[in-house]
Protein chains: 2
Amino acid sequence: MAKKTKNNVVFRIWFFVDDEKLLGKGRVELLERIEKGGSIASAAKEMKMSYRQAWQMVSEMNQRARKKLVVKQLGGKSGGGATVTEEGKEAIKCFRELENKTRMFLEKEYKKLKF
Amino acid sequence: MAKKTKNNVVFRIWFFVDDEKLLGKGRVELLERIEKGGSIASAAKEMKMSYRQAWQMVSEMNQRARKKLVVKQLGGKSGGGATVTEEGKEAIKCFRELENKTRMFLEKEYKKLKF
DNA sequence: TAACGATATGTATTATAAAACATATTGAAA
DNA sequence: TTTCAATATGTTTTATAATACATATCGTTA
């Protein structure tokens, strides 16, 4: 019997601002986890990435977006934390929506091809 | 005057076979240049990549595709060369077509978003 | 049959990105 | 006013990918 092969198409999208990356899959996941856990540190731990990298990603996003996507708080009993702004939530929503639409589009179109 | 920012969406697609990458933008460009120049060596030089890497890419593609995308010839007055097969040309066509369709789709959809 | 230029492939070096480590700072709450 | 956990940031180390280098092989053609 011939070996069965699984053929499929994979994609990634990124939002850019002035030729610099604003958002991609990883950063959106980071935002989602910050929203859920209330801090960059917890989000980074969940994603098994270094806190430093996560912090830098947030910093870059905030610089490049029209408005900050995450606001941070220093000090306090719990040491502080981070919150996703309305703008940030909007960014997550836009990204995920476009991602889903693209997924459906590509699945449909890919079926028409032989590869 | 407020600073004008250029916002846009960027994407990449890949063809996969059994969870392994078969084709992406770079490999397709490599195939196109092999087709035009008649050898892996010339294509690699044009793309400023090492011959070794180009050769390995071709090797992987040939292993993973149903049929070889490139056939190679050793020896001869010109030392040999490489040719893109009909299957390879088909792969290029499929990839570029899907890429273009996706580009149009994303441009249209992205305009509807605020990011 | 000698020469040529491309394929084929192993090894070593370099460049880059990621992670790890270390430490200072913050400020609300106990 | 001491404590705490998270932010903030510099430095070092590690891991990985890319490149560079070296060399053998091939077979047609002159």
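The model shown is predicted, which means the values in this text are computed figures rather than measured ones. Each chain gets a letter, A, B and so on, in the order its sequence line appears, and its residues count up from 1.
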Enquirer: What is the distance, rounded to the nearest whole Å, between atom NZ of K48(A) and atom P of dA18(C)?
Expert: 18 Å
Enquirer: Has Y51(A) got a side-chain N or O lying under 4.0 Å from the OP1 or OP2 atom of dA6(D)?
Expert: no
Enquirer: Hey, which of these two, S50(A) or G75(A), hits DNA chain C nearer its 5' end, going by closest nucleotide?
Expert: S50(A)
Enquirer: Is the shortest side-chain N to carboxylate O distance from K25(B) to E29(B) below 4.0 Å?
Expert: no
Enquirer: Between P on dA17(D) and CE on M57(B), what's the gap in Å once rounded to a whole number?
Expert: 13 Å
Enquirer: Roughly how many Å is it from CG in L74(B) to P in dT25(D), rounded to a whole number?
Expert: 12 Å
Enquirer: When all nucleic acid strands are considered with a 4.0 Å heavy-atom cut-off, which category describes G80(A): base, sugar-phosphate, or nothing?
Expert: sugar-phosphate
Enquirer: Round to the nearest Å and state the distance from Q73(B) atom CD to dT7(C) atom P.
Expert: 10 Å
Enquirer: Side chain to side chain donor-acceptor pair (under 3.5 Å) for T102(B) and N100(B)? Distances and angles first, verdict last.
Expert: CA-CA 5 Å; T102(B) 306; N100(B) 284 331; over 6 Å; no
Enquirer: Given atom CH2 of W55(A) and atom P of dA8(D), what is their separation to the nearest angstrom?
Expert: 6 Å
Enquirer: Whole Å only: how far is the CD atom of Q56(B) from the P atom of dA6(C)?
Expert: 19 Å
Enquirer: Return whichever of G79(A) or K72(B) has its heavy-atom-nearest nucleotide of DNA chain C closer to the 5' end.
Expert: K72(B)
Enquirer: Expressed in angstrom and rounded to an integer, what is the separation of R52(B) atom CZ from dA17(D) atom C1'?
Expert: 13 Å
Enquirer: Taking only Lys NZ, Arg NE, NH1 and NH2, and the carboxylate oxygens of Asp or Glu, determine whether E107(B) and K111(B) approach each other closer than 4.0 Å.
Expert: no
Enquirer: What is the ring orientation for F115(A) with F15(B), classed by angle as parallel under 30°, tilted 30 to 60°, or perpendicular over 60°?
Expert: parallel
Enquirer: Taking atom P of dT14(D) as reference, at what distance in whole Å does atom CE of M49(A) sit?
Expert: 22 Å
